[in-house]
Amino acid sequence: MTDLYTRLIAGVVFPLQERLKGHDTVAVRRQLEASQWWPLAKLEELRLARLRALLQHAYRYAPYYRQMLATAGCADGAIDALSDLQKLPMLSKALIRAHSEALKSVQARGLSRFNTGGSSGEPLIFWIGKERVSHDVAAKWRATRWWDVDIGDPEAVVWGSPIELGAQDQLRVLRDKLMRTRLLPAFEMSEAKLDEFIATLRRMRPRMVFGYPSSISVIAHHAAARGQRLDDLGCKVVFVTSERLYDHQRAAIEQAFACPVANGYGGRDAGFIAHQCPAGGMHITAEDIIVEIVDEEGRVLPAGQAGEVVVTHLATRDFPFIRYRTGDVAMLDDRSCPCGRGLPLLKEIQGRTTDFVVAADGTLMHGLSLIYVIRDLAGVENFRIVQESLQETSVQLVTNRDFADENIGKIEHGLQQRLGPEVRVRVERVPQIPRESSGKYRYVVSRVTAGNS
Ligand SMILES: [Zn+2]
């Protein structure tokens, strides 16, 4: 039975809202390009107003938050300052798994389902609405334009293969349609593949390159070893993301392409958190994302102290991300950037490491290619893959009752497909996987490539 209110929303308000919203990425980007120059005090006003609106919406329409916000004394958006966020409990990946439906706004329509291993290695399924997609795309677009390049410029994208990316990667599909984008599927980095990539780069002459720093630096080294130039292509900038960027990688890439490297930090789950500007500042997308850095007890830390990155994404009414624990480790910087933008800065992102693994035939592969085998299986709470040697790889699995025993065979088979049929794959079920000293999980560890990244 549909009541009048539902009919009004479904028949009038929602269609109208959709028409108005449509593709509002352009409008959002224009707003962001104005507000990036605002003084911090004005940005804070905007953030507070948007946070109130988000909390109010979450209280009214998301069953999980209705209860949580009432308990925390923040019913119906009743907060006085951004720091009132600290009264609220954090949102962990385990909580998202447990309350996936109750986290959704009952008003949400047309949500897209996303699935990520995140950088923490804990599989996560969550939902994203159109509002949020518009904002994340607009924030990335703004940062792209900081570098005097734009959507439509020829771009080489060093990323996973389209098949493995699957339907979950709608942002990328959208991007590829809009832009002259060429994908270099970089999970397999055999010598022959690397030769192909370099030939493609020389032919297409990208104005920008985008991808994993580990993969792009392998391409840079390979070009140097082959005596092939990449510095005469007219490339203006290399955007890297998804992994920790090491200094030696930055140096190798900058030298090979004869242009600066711009680091970006974010994820499907947490949003487009921060991006480097040409003056060097790692600017937070402050209009949309509130970043808190917390210690192990969840206490908020001041600038200059390293802790876990916790984000509140202000464009997530459909599936609110309020105080979401990313599992990444970073620190805030309280200086202002010489570029003049008022957007606050992140100082250092310490906690993103993705190793390469080596197949039995010597092919260098991105560690993420192994993760895809495991993370989509039902009942997997957490996992870690350890490449012990070229002949042996072990998998530690934390499972719940949804896990079917035949999945073990699937994992063994899937890893052998990628690493080689002769590789021994040992799957072990464990109660939990210990964190590293940095506080992070590493989902792929290779003892073969360790030390020569
Ligand atoms: Zn700057």
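Indexing begins at 1, ligand by ligand and atom by atom, following the structure's order.
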Next on the checklist: Suppose the cut-off is 2.8 Å; which protein N/O/S atoms would you list for the Zn ion (ligand 1)?
Outcome noted: C277 SG, H283 NE2, C337 SG, C339 SG

Checklist entry - With a 3.5 Å cut-off and no angle check, do the side chains of W38 and E287 form a donor-acceptor pair? => result no

Next on the checklist: Show, in sequence, the C-alpha distance, side-chain angles and deciding distance for R226 and D195, and conclude whether the salt bridge (charged side-chain N to carboxylate O under 4.0 Å, His left out) test is met.
Outcome noted: CA-CA 9 Å; R226 286 278 198 264; D195 287 340; 2.9 Å; yes

Checklist entry - Under 4.0 Å between a Lys/Arg side-chain N and an Asp/Glu carboxylate O for R207 and D150? => result no

Next on the checklist: So that I can tick it off, tell me whether D136 and R268 are bridged by a salt bridge, with the cut-off set at under 4.0 angstrom between side-chain N and carboxylate O.
Outcome noted: no

Checklist entry - Hey, what's the ring geometry for F272 with H275, parallel, tilted or perpendicular (30° and 60° as the breaks)? => result parallel

Next on the checklist: Check the orientation of F210 and F239. Use parallel for under 30°, tilted for 30 to 60°, and perpendicular for over 60°.
Outcome noted: tilted

